[in-house]
Trainee: 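Supplied in structure tokens, the structure appears directly below.
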There are 2 protein chains.
Amino acid sequence: MSANIYWTIYNDYAEKIQNGDIPAGAKIPSESELADSYGTSRETVRKALGLLSQNGYIHKVKGKGSFVLDLGKMKFPITGLISFKEMSERLGRKSRTLVYKTERVPASRVISAHLDLNEGTTVWEVIRSREIEGERVILDKDYFVPERVGTLTPEIAARSIYDYLENTLNLSISYAKKEISVEPATPEDRALLDLNNLSHVVVVRNYVYLEDTTLFQYTESRHRLDKFRFVDFARRAH
Amino acid sequence: MSANIYWTIYNDYAEKIQNGDIPAGAKIPSESELADSYGTSRETVRKALGLLSQNGYIHKVKGKGSFVLDLGKMKFPITGLISFKEMSERLGRKSRTLVYKTERVPASRVISAHLDLNEGTTVWEVIRSREIEGERVILDKDYFVPERVGTLTPEIAARSIYDYLENTLNLSISYAKKEISVEPATPEDRALLDLNNLSHVVVVRNYVYLEDTTLFQYTESRHRLDKFRFVDFARRAH
DNA sequence: CAGTGGTCTAGACCACCCT
DNA sequence: GGGTGGTCTAGACCACTGC
């Protein structure tokens, strides 16, 4: 996005690796070579390579060089704050969003606790299900602090709320906490999802914070058991 | 671990935050102040603060400063390559490990595929269940490439295999990929876990790589649905 | 305006690897 | 010994927030 040099280098190589232009196991140019070829300093190159390493694109070995990993392919993310729309587009699957509710409602005890508000405070409630290849397999229940989001409409909810928040309202999402657990299906789950008699659902609770560290969204994503998948890449602490 | 300056700063503040010595919302000293007080340069301080930020301890705001987040408490990890033993100790729960099997066996078709070996190659198979507060809720099935691990014994398996690998064999684990899904319980799950009639288990497949990028361990961690929990902290891409 | 974090530079020394 | 990545320095300029 920015005109940062390290960001340019990062994207150049992330793309080359994802496209397979540089095969898994291959060595990328040394830090000094990259510094020369991009006309920058080694520390700046190192910033880019650090990002590539963190995100599972490369692996750096002292004394030898940096090598391409073969994990770049299935970067299947619930990880990393990616939206349903981005995800289904990336996978090229036929998908559809069904909007059940887009309303301002008083927060229930549970919801107000999740959003750290007083019970009864007005919040936006958006309830949608996600249909993939003809089956409703995800139920998304979103709650927003109303001062931040202005007015939501079913049309916005059907497209991408994140698009609207980031590009129209210029809110900048900063970080989020996710909790994954498995819980018994509720009557609502049975009504709005095609559960096929499965007794439980995977629940992903997502707390989204803005740049000023205020919590402004709580989302409960309820997945049919057999359609849930989560991939995580982790480097050893040190 | 190392005598690195940035590592020292990171640990100092990670500890202060975890202990509550610096409360959530408080501002930590500016980068220049930290550089002075640690007798180092600003870039080195920035490296430490970058780590604190990534791990959810602080949040940096341009023009204002760095502020403590309140997520440091329940850093409940399957995230980050932490072992069962470390985890249960951290939580102070009564737990026990039951070792069912510690043997060299020819790899099945499935296992050889996971470890990228030829079918029938000899691998170490370790099967253990984890009992927490009297119930067996996790079934761990580990497979190791034998050239790397030498000899495993039930005694080692009962303590911590990672301890043995890292401190005795001096293998250095580098990175890992995890996949989480939910699958029907197998007869083995029913035999070795206290499933309470639950029909499915959460399966965490873990692929562990060494510094030289070779895959050397595949682990299948099978959790009872109601005892599974996963927490993830993520910063927005940019 | 002074103070903050974000980016970048042009060096330096070290530890490690390979030949 | 020459090449590599890991750490660190002492500056610089910018963009942003606050007063």
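None of the values given here were measured: they were computed from a predicted structure. Chain A is the first sequence line, chain B the second, and so forth, proteins listed ahead of strands; every chain is numbered from 1.
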Trainee: Rounded to whole angstrom units, what separation is found between the NZ atom of A/Lys27 and the P atom of D/dG3?
Mentor: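 Computing the A/Lys27:NZ to D/dG3:P distance gives 12 Å.
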
Trainee: Let me know the distance between NZ of B/Lys60 and C1' of C/dT4, rounded to the nearest Å.
Mentor: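 Rounded to the whole Å, the gap is 11 Å.
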
Trainee: Given C/dG3, is OP1 or OP2 found less than 4.0 Å from the side-chain N or O atoms of B/Ser32?
Mentor: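 Result: no.
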
Trainee: Do A/Tyr143 and A/His114 pair up side chain to side chain, a donor and an acceptor below 3.5 Å, judged on atom types alone?
Mentor: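 Side-chain D/A pair, A/Tyr143 to A/His114: absent.
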
Trainee: Assess whether atom CD of B/Glu119 is packed by more than 12 heavy atoms of other residues, nucleotides or ligands within 6.0 Å.
Mentor: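 Enclosed.
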
Trainee: Is the gap between the ring centers of B/Phe233 and A/Tyr175 under 6.0 Å?
Mentor: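 Yes; A/Tyr175 has its ring centre under 6.0 Å from that of B/Phe233.
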
Trainee: With Watson-Crick and G-U wobble geometry limited to distances under 3.5 Å, how should the secondary structure of DNA chain D be encoded in dot-bracket form, using | for bases paired to another strand and [ ] for crossing pairs?
Mentor: ||||||||||||||||.|.

Trainee: Could you state the CG-P distance from A/Leu49 to D/dG5, rounded to the nearest angstrom?
Mentor: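 Checked: the CG to P distance equals 8 Å.
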
Trainee: I want to check one thing: is the phosphate of D/dC8, taken as OP1 and OP2, less than 4.0 Å away from some side-chain N or O of B/Tyr6?
Mentor: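 No, B/Tyr6 has no side-chain N/O under 4.0 Å of OP1/OP2 on D/dC8.
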
Trainee: Rounded to whole angstrom units, what separation is found between the CD1 atom of B/Ile28 and the C1' atom of C/dG3?
Mentor: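 Computing the B/Ile28:CD1 to C/dG3:C1' distance gives 15 Å.
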
Trainee: Does this structure show an ion pair linking B/Lys47 with A/Glu43, if we count only N-O contacts that are shorter than 4.0 Å?
Mentor: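 Salt bridge between B/Lys47 and A/Glu43, a charged N being under 4.0 Å from a carboxylate O: no.
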
Trainee: Salt bridge (Lys or Arg N to Asp or Glu O under 4.0 Å) with B/Glu179: which residues, sequence neighbours excluded?
Mentor: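 Result, salt bridge (Lys or Arg N to Asp or Glu O under 4.0 Å) vs B/Glu179: A/Arg229, B/Lys177.
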
Trainee: Do A/Glu125 and A/Lys141 sit within salt-bridge range, that is, some charged N less than 4.0 Å from a carboxylate O?
Mentor: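 So A/Glu125 does not pair with A/Lys141 through a salt bridge.
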
Trainee: Taking the minimum atom-to-atom distance to the side chain of A/Lys47, which one of D/dG5, C/dT4, C/dT7 wins?
Mentor: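 When the side chain of A/Lys47 is considered, C/dT7 is the closest of D/dG5, C/dT4, C/dT7.
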
Trainee: From CG of B/Asp212 over to P of D/dG5, roughly how many Å is that when rounded to an integer?
Mentor: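 One finds 17 Å between P of D/dG5 and CG of B/Asp212, rounded.
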
Trainee: Any salt bridge linking B/Asp142 with B/Arg128? Criterion: basic side-chain nitrogen under 4.0 Å from a carboxylate oxygen.
Mentor: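 So B/Asp142 pairs with B/Arg128 through a salt bridge.
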
Trainee: Would you give a per-nucleotide map of nucleotides 9-18 of chain C, 5' to 3', where B means the base has a protein non-hydrogen atom under 4.0 Å away, S means only the sugar-phosphate does, and - means neither?
Mentor: BB-B---BSS

Trainee: Mind calculating the distance between CZ (B/Arg46) and P (D/dG6) to the nearest angstrom?
Mentor: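 Going from CZ in B/Arg46 over to P in D/dG6 covers 19 Å.
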
Trainee: If I take atom CD in residue B/Glu31 and atom C1' in nucleotide D/dA15, what distance separates them, rounded to the nearest angstrom?
Mentor: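 Rounded to whole Å, this separation is 14 Å.
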
Trainee: Nearest whole angstrom, please: distance from the C1' of D/dC16 to the CD of A/Glu211.
Mentor: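 Those two atoms, CD and C1', are 12 Å apart.
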
Trainee: Run the side chain to side chain donor-acceptor pair (under 3.5 Å) check on A/Tyr57 and A/Gln18 step by step: do they pass?
Mentor: CA-CA 8 Å; A/Tyr57 287 106; A/Gln18 205 123 31; 3.2 Å; yes

Trainee: One pair to check against ring-ring contact (aromatic ring centres under 6.0 Å, His included): B/Phe230 and A/Phe230. What are the steps and the verdict?
Mentor: CA-CA 11 Å; B/Phe230 182 94; A/Phe230 182 95; 5.0 Å; yes

